[in-house]
Amino acid sequence: MNTPVPGTAQEILCPYCLEVISYDEQQLFVRNDKELFEELRLDRRTSPLTLADTLHSAYQRCGNSGGGQAHYIPVPYLTNGSPLTVAMVGDSATGKTHLLTQMIAEIADGGLKRYGVQMQSVNPRDHQTFMTERVERLRSGTMLEHTRSAGEFAPFVDALLLTRAGGVTRPVAFFDLAGEDLRRTDALTRFMVGVDALIFVVDPLRALPMPYLDALRGQLGHTRGGDPAFQTVLDRLPRGGGQYLGVAAAVVVNKSDLVRFEPPVDRWLGEPPPPEREMAERFRMESQDAYAFLRCHTGQAWVSPFDSVLRCTLHFASATGSHDHEGRFPHGTRPLRVLEPLISVLAMCGLLDDGTEDGPAAVGL
Ligand SMILES: Nc1nc2c(ncn2[C@@H]2O[C@H](COP(=O)(O)OP(=O)(O)OP(=O)(O)O)[C@@H](O)[C@H]2O)c(=O)[nH]1
Ligand SMILES: [Mg+2]
Ligand SMILES: [Zn+2]
């Protein structure tokens with residue numbers, strides 16, 4: 001992690017209120033054992049190593065709280081280059097939390113190393129909490145709970161520092177709201193206006209008509225009308241004058257284990273991660289197949305992100321590899337192709353080298 005040099009602070013957007021914020025040593029806090037924020041006074045006489053270690057777990061209070069809820073941003077988020085925000089989108093129970101958990105688990109296991117990317121946590125304690133409460137829980141075979149409604153602010157659930165082989169580091173923060181919150185159009189979802197990448201999660205139990213899925217659908221049932229959260233979020237994004245939205249996007253047919261015998265799902269689920277040099281081409285092929293699959297079986301509304309966003313890829317994935325049995329995965333979980341949608345949006349945002357000669361990411365074009 002970079003140790004910030006006074007007077008060189010870069011202006012970035014606060015991920016919560018979207019106002020400009022820059023690193024300010026006078027606004028630092030640490031969290032105590034009771035999870036309360038306490039002011040941090042830096043002693044410049046401490047050794048650079050100790051200072052760097054203190055700052056790694058420090059927070060800065062955003063000065064734009066303006067009567068609303070005070071919010072705190074991890075210092076490494078403000079001092080390591082231009083941050084990137086990624087949000088999961090989909091109605092309740094589409095599998096956003098399981099998918100994001102498995103994505104971060106695979107990154108923690110070194111899943112981005114084959115693309116020359118190293119990871120570090122933005123805040124060690126928050127990352128450890130995420131690993132214990134989500135990743136280890138799921139790996140022990142316990143289904144994760146529905147995400148609680150966020151109230152006034154949507155905090156990111158985890159954030160990582162990703163460093164490319166050339167040495168460029170960027171903080172990446174992940175948002176995972178409850179499905180019902182994503183339908184809100186108030187201040188809670190305002191951060192969506194400034195988000196860099198969206199991962200739209202399609203639930204086969206809602207989208208696909210196959211009769212063998214009926215027993216698993218629950219009360220919500222099948223609909224050709226699309227996911228209401230997709231439309232609310234797409235409507236919220238700034239158009240910037242053009243016909244298409246400029247955000248990076250991936251549409252994931254999640255829970256693909258439920259339709260694993262349908263072609264071409266069967267074929268894609270067995271595919272290994274794409275090598276860097278073939279990434280753009282492989283994602284293009286998968287996108288064509290997934291688009292055709294969705295359009296063959298369901299209404300146009302389910303592919304609305306692809307129709308509205310300029311750079312969008314489509315993917316097949318399964319967060320858990322199988323359906324839960326009364327809240328448990330007795331044989332553990334077996335994530336399938338969960339990292340690909342994230343790799344795709346990271347490439348679109350210039351964080352991965354997609355191996356093409358014309359510089360920033362040809363992925364999604
Ligand atoms: N078969 C199958 N079930 C899955 C998969 N991923 C998630 N599920 C199930 O889908 C249900 C909902 O998962 P969540 O990840 O909590 O869904 P969510 O979209 O975060 O829901 P909210 O937090 O309410 O918005 C759980 O019962 C999971 O077991 C998958 O890949 N395959
Ligand atoms: Mg959730
Ligand atoms: Zn703020």
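Counting begins at 1 with the first residue of the sequence. Bear in mind that the values here come from a model prediction, so they are computed numbers and not experimental data. When a ligand or atom number is given, it counts from 1 through the structure's own listing order.
Within the listing of ligand 1, atoms 1 (N), 2 (C), 3 (N) sit less than 4.0 angstrom from a heavy atom of H323. Atoms of ligand 1 found under 4.0 Å from any heavy atom of D91, numbered from 1 in the order shown, are 19 (O). Those atoms of ligand 1 with a heavy atom of S322 less than 4.0 angstrom away are 1 (N), 2 (C), 32 (N). Per-residue contacts place A178 under 4.0 angstrom from the following atoms of ligand 1 (heavy atoms of the residue considered): 25 (O). Residue F329 approaches ligand 1 through these ligand atoms, each under 4.0 Å from one of its heavy atoms: 29 (O). The distance from ligand 1 to the heavy atoms of G179 drops below 4.0 Å at these ligand atoms: 22 (P), 25 (O). Less than 4.0 angstrom separates some heavy atom of M143 from each of these atoms of ligand 1: 26 (C), 27 (O), 29 (O). Under a 4.0 Å criterion applied to the non-hydrogen atoms of H146, ligand 1 contributes the atoms 21 (O), 22 (P), 23 (O), 24 (O).
Seen from the Zn ion (ligand 3), atom SG on C14 and atom SG on C62 lie at an angle near 120° (rounded to 10 degrees).
Here OG1 of T54 is found 10.0 Å from CG of D43. Values are rounded to the nearest 0.5 Å. With rounding to the nearest 0.5 Å, the separation of CE in M192 from OG1 in T232 is 10.0 Å.
Test W302, F306, F230 against F200 for ring-ring contact (aromatic ring centres under 6.0 Å, His included) and you get one pass: F230. When each of Y291, F293, F283 is paired with F316, the ring-ring contact (aromatic ring centres under 6.0 Å, His included) condition holds for F293 and for no other.
The distance criterion of under 3.5 Å between nitrogen or oxygen atoms is met by G95 with respect to ligand 1. Inclusion of L144 in the set of residues having an N or O under 3.5 Å from an N or O of ligand 1 is not warranted. Residue A319 places at least one N or O, backbone or side chain, under 3.5 Å from an N or O of ligand 1. Taking any N or O of G90, backbone or side chain, none lies under 3.5 Å from an N or O belonging to ligand 1.
Contact annotation: M88 places no N, O or S atom under 2.8 Å from the Mg ion (ligand 2). When distances to the Mg ion (ligand 2) are checked against a cut-off of 2.8 Å, T147 contributes an N, O or S atom below that limit.
By the criterion of side-chain heavy atoms lying less than 4.5 angstrom apart, applied directly or through intervening Ile, Leu, Val, Met, Phe, Trp or Tyr residues, Y212 is grouped together with L258 in one hydrophobic cluster. Taking hydrophobic clusters as Ile, Leu, Val, Met, Phe, Trp and Tyr residues chained together by side-chain heavy-atom distances below 4.5 Å, Y59 does not share a cluster with I73. Hydrophobic clustering, with ILVMFWY side chains joined whenever heavy atoms are under 4.5 angstrom apart, keeps L205 apart from F329.
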Item to check | Derivation and outcome, salt bridge (charged side-chain N to carboxylate O under 4.0 Å, His left out), residues E39 and R41 | outcome: CA-CA 7 Å; E39 249 180 273; R41 290 264 161 253; 2.8 Å; yes
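The closest protein non-hydrogen atom to atom 11 (C) of ligand 1 is A93 O, 4.0 Å. Counting only heavy atoms of the protein, atom 32 (N) of ligand 1 lies nearest to D257 OD1, 2.7 Å. For atom 13 (O) of ligand 1, the closest non-hydrogen atom of the protein is H98 ND1, 3.3 Å.
Both the backbone and the side chain of T94 come within 4.0 Å of ligand 1, counting heavy atoms alone. Under 4.0 Å from ligand 1, the heavy atoms of D324 that appear belong solely to its side chain. With a heavy-atom cut-off of 4.0 Å, N254 touches ligand 1 through its side chain alone.
Side-chain N/O atoms of D24 and Q60 include no donor and acceptor closer than 3.5 Å. There is a side-chain donor-acceptor pair under 3.5 Å between R328 and T142. For the residue pair D257/S322, the side-chain donor-acceptor check at 3.5 Å is not satisfied. Judged purely by distance below 3.5 Å, without hydrogens or angles, the side chains of S256 and S318 never pair a donor atom with an acceptor atom.
Within the set K255, K96, H325, the minimum heavy-atom distance to atom 10 (O) of ligand 1 is found for K255.
Between F37 and Y72, the ring-plane angle classifies as parallel under the 30° and 60° cut-offs.
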